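Because the structure is a prediction, the values reported are computed rather than measured.
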Amino acid sequence: MGKNRHLPLFETRPGRGLVVFRWYAASVFIAICFIFWYRLVYFPAPETTTETWVWVGMFLSELWFTFYFFITVVVRWNLVFRSTFKDRLSARYEEEALPGVDIFVCTADPRLEPPAMVISTVLSVMAYDYPPEKLSVYLSDDGGSDITFYALLEASRFARLWLPFCRKFKVEPTSPEAYFQMSRERVADDSAMAHEWFIVKRSYQDMKSRHDHPSIVQLLIDGRDPKALDNEGKALPTLVYLAREKRPQFHHHFKAGALNALIRVSSRISNAPFVLNVDCDMYSNNSKTIKDALCFFLDEENGHDIAYVQYPQTFSNLTKNEIYGCLRVFMQLELAGFDGNGGTFYAGTGCVHRREALCGMKYSRELKAMKSDRNIRETASSIEQDCKALASCTYEENTQWGKQMGVKYESLVEDILTGMSIQNRRWRSVCFNPETTAFLGVVPTTLLDTLLQHKRWAEGQLQILLSKHCTLLYDRQNMPLKLQLSYCNYMLWAPNSFATLYFVIVPAFCMLKRISLFPCISSIWGVPYLYVIFVPRVQSLVEFVWCGGTVRGWLNEQRMWLFKRTTSYFFAFIDHILKLCRFSKPAFVVTRKVADDDNVNRRYNQEIMDFGSCSPMFTILATLALFNLFGLVALASKKVATYDVLLKVSDIFGFQILLCCVLVFVNLPTYQAMFFRRDSGKIPASVTLQSLTFALLASALAMY
Ligand SMILES: *[C@@H]1O[C@H](CO)[C@@H](O)[C@H](O)[C@H]1NC(C)=O
Ligand SMILES: CC(=O)N[C@H]1CO[C@H](CO)[C@@H](O)[C@@H]1O
């Protein structure tokens, strides 16, 4: 043992190709310098007012994009990747010596997050390859739904069958839903289990929800109870159902409030030093996840100041080319970049926390693990009674919960803010991306859901940027500058929309007005532009494919990049400003996890974009698409005297034409959805009509 103790439990490697990346970044910066030089040298004469203003706008947008490019480079500058040695962990710790782990699963709305999915997630984490008496699983049900409760009750019975089965056959993944989908014949073999499973599934049919209810805390399986055994006589994990008290007159703080209630209730029941939290739609796809995380926390040399281990989010219901994108690069690469810059952000799910860091303790070397000294003779009902008080509406009044302790309240993206504040208290955090994905969640399956999800994120990030929590402005000493700049990548999502909108609207507008905004494509000044346009695209493609995507997937990602910037982020900005001026109230929108319509599902599986609703977001998308198309058409329909003139025009307006062509190409599905589709996922006629009107008006304004 003595010698073994000095071997690390995890290893950190710098990313490969970092040198190439740094040279690439430097070359782009040089090209950008030439672009600014061009902007200054060719500044329009002061008497041409329109041109001057447009030129200044271009200059500012380019300045903005340069800064944004700079922070994307900062994120990628120090990529690190980590790996663990679980065998050393097993050699060093007997099963009894392993620490306890509490697992929090949160669900909010049984219509959007069906109980069948929730309990699959719960079962998948109950079946971790970890001593069951050390595990406690807590389900927080903010919908307070009977259906979820009874589904969980069923699941607690089913677990007695499921856990031994998983152990015996080394089942992966341990989510029954995912497992049976993967191997249907196994279900037929084991009809008893299939029977149980269908009972649970049936309860999915008739769902209802109550919004006003008292707190329910129910110890469904008490791990201390000697009778809590599975069908093979082994212990079961503790399983707890919690619906915290909700009353309309008290603010319940959405998911952050639920997590804080879970932290308190679990401290009364199991008080494990480590806490895993997952969303109800993210089942465990890798039963070794807890052991992996412990390799970081329990490492003698480098583990003591790690506050949390974040696993990347990956998704189970992606189609091959991911029409709505899936945060691939964000999760596989940028997360590792944050790690290299001092600590990954907390993504709100798939994260193992050290309880004391989450509870608000500062990191210091003397920190001692809190001891759990629960009286073994306590009855379950007395514990439940205490926990009800801990989960009541009034418990947090006049306390630091949500401020200094637990998950932060003041943001729509409570996870990011919480992670930042933990890092600000001098804790470190790491990202771990195992070979077999740790968790699989679901992505929204319609365009509008995706855009709304991003709107919420962008708004939350903007909220942090403009609040007293912005690390760039406050508490700077505790977080390295490179990490603060990395956070800017997301905090600046919303303001980013303006520069993008400028580039989507103004060049086409100026083309109609015959104002040239870029150098001739054949001139020497064209070279840096061409470089800055094409080389970063190639880099982004390489990066995307390296992260496991397809080329079509990358094209789709680029389209979503544009759509999100022109709608989600724009609306996020406007909405947040309205809220600051107190014109509207904050609200938390739970993203739909399951499409209820067969047609929607079919289109998603065939990778056909789903517009299908009247949203102002679609009006903007369609208007922009049409406006750029009109710009091109107007240019093409001009009578040109000679071939030479044509060449000259296309040289002068080369970059504007190129930009319009790219935008038109990216928007091909938009035109199709406006004019050529008949299914229910097309753009509604009213939206098409509005957009046509706006685009025509704008073109007319430009031309006359
Ligand atoms: C999920 O787990 C299964 C079974 O171990 C594995 O085959 C699959 O590759 C995993 N999925 C992902 C996306 O890694
Ligand atoms: C939960 C959910 O929405 N699942 C969907 C994920 O995507 C597959 C197709 O890839 C659908 O069949 C599922 O219904």
Side-chain angles (χ1 to χ4, degrees), residues 23-66 68-69 499-542 555 558 562 624-625 627-668 699 702-703:
W23 277 109
Y24 147 79
S27 72
V28 173
F29 272 117
I30 293 171
I32 289 174
C33 290
F34 279 109
I35 287 179
F36 287 131
W37 191 2
Y38 164 79
R39 284 277 171 230
L40 292 176
V41 170
Y42 287 86
F43 200 85
E47 59 269 18
T48 53
T49 16
T50 324
E51 275 180 50
T52 311
W53 284 115
V54 171
W55 195 270
V56 170
M58 291 301 283
F59 187 76
L60 291 179
S61 303
E62 283 164 353
L63 214 55
W64 175 268
F65 284 132
T66 305
Y68 209 80
F69 176 73
T500 312
L501 279 169
Y502 194 89
F503 258 70
V504 172
I505 298 171
V506 173
F509 191 84
C510 289
M511 200 162 73
L512 290 168
K513 260 187 127 44
R514 292 275 181 271
I515 301 174
S516 166
L517 294 177
F518 297 95
C520 290
I521 215 161
S522 62
S523 78
I524 188 74
W525 291 110
V527 177
Y529 270 100
L530 284 171
Y531 191 84
V532 168
I533 291 169
F534 287 105
V535 176
R537 292 306 91 209
V538 173
Q539 187 264 346
S540 129
L541 175 63
V542 169
L555 277 176
Q558 302 299 301
L562 181 72
L624 294 177
F627 183 60
N628 277 284
L629 184 66
F630 292 163
L632 272 190
V633 171
L635 193 78
S637 60
K638 276 266 146 54
K639 282 205 192 71
V640 197
T642 62
Y643 184 67
D644 279 353
V645 177
L646 178 70
L647 267 189
K648 191 137 179 45
V649 167
S650 49
D651 193 23
I652 294 175
F653 291 102
F655 283 107
Q656 273 151 286
I657 296 173
L658 182 70
L659 189 62
C660 280
C661 286
V662 169
L663 288 171
V664 167
F665 174 71
V666 163
N667 273 305
L668 285 180
S699 314
M703 288 204 285

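- Using a distance-only test at 3.5 Å, with no hydrogens or angles considered, no donor-acceptor pair links the side chain of Tyr42 to the main chain of Leu517.
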Would you mind writing out the side-chain donor-acceptor pairs for residues 504-513 within the sub-3.5 Å range, not counting sequence neighbours?
none

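- Checked against ring-ring contact (aromatic ring centres under 6.0 Å, His included), Tyr24 has the following partners two or more places apart in sequence or in another chain: Phe21.
- Across all their heavy atoms, Ile657 and Ser650 have their closest contact at CD1-CA, 4.1 Å.
- Between the SG atom of Cys520 and the CZ atom of Phe653 there is a distance of 9.5 Å, given to the nearest 0.5 Å.
- Each of Ser516, Ser522, Ser523 was scored for a side chain to side chain donor-acceptor pair (under 3.5 Å) with Asp651, with one residue passing: Ser522.
- At a threshold of 4.5 Å between non-hydrogen side-chain atoms, the residues Val54 and Tyr502 count as touching.
- Annotation: the span from Leu632 atom CG to Leu659 atom CG amounts to 9.5 Å, rounded to 0.5 Å.
- Note: Leu63 CG to Ile35 CD1 = 11.5 Å, rounded to the nearest 0.5 Å.
- With values rounded to the nearest 0.5 angstrom, Leu530 atom CG is found 4.0 Å from Phe655 atom CZ.
- A distance of 5.5 Å separates CD1 in Ile533 from CG in Leu658, rounded to the nearest 0.5 Å.
- Between Phe34 and Tyr529, the ring centre distance reaches or exceeds 6.0 Å.
- Between Phe29 and Phe69, the ring center distance clears the sub-6.0 Å criterion.
- Annotation: the span from Glu62 atom CD to Thr66 atom OG1 amounts to 7.0 Å, rounded to 0.5 Å.
- Nearest approach of Tyr531 to Ser27, heavy atoms of both residues: OH-OG, 2.6 Å.
- Test Trp55, Phe59, Phe43, Phe518 against Tyr38 for ring pair (Phe, Tyr, Trp, His ring centres under 6.0 Å) and you get one pass: Trp55.
- Proximity of Leu663 to Leu624: side-chain heavy atoms (C-beta onward) are nowhere separated by under 4.5 Å.
- Looking at heavy atoms from C-beta onward, Leu635 lies in side-chain contact with Arg514 at the 4.5 angstrom threshold.
- At distances below 3.5 Å, not a single donor-acceptor pair connects side-chain atoms of Gln558 with backbone N or O atoms of Arg537.
- The minimum heavy-atom distance between Ser61 and Phe503, with the atom names listed, is CB-CE1, 3.6 Å.
- Contact check for Asn628 versus Asn667: no side-chain heavy atoms found under the 4.5 Å cut-off.
- Environment of CD1 in Ile524: sparse, with no more than 12 heavy atoms of neighbouring residues, nucleotides or ligands closer than 6.0 Å.
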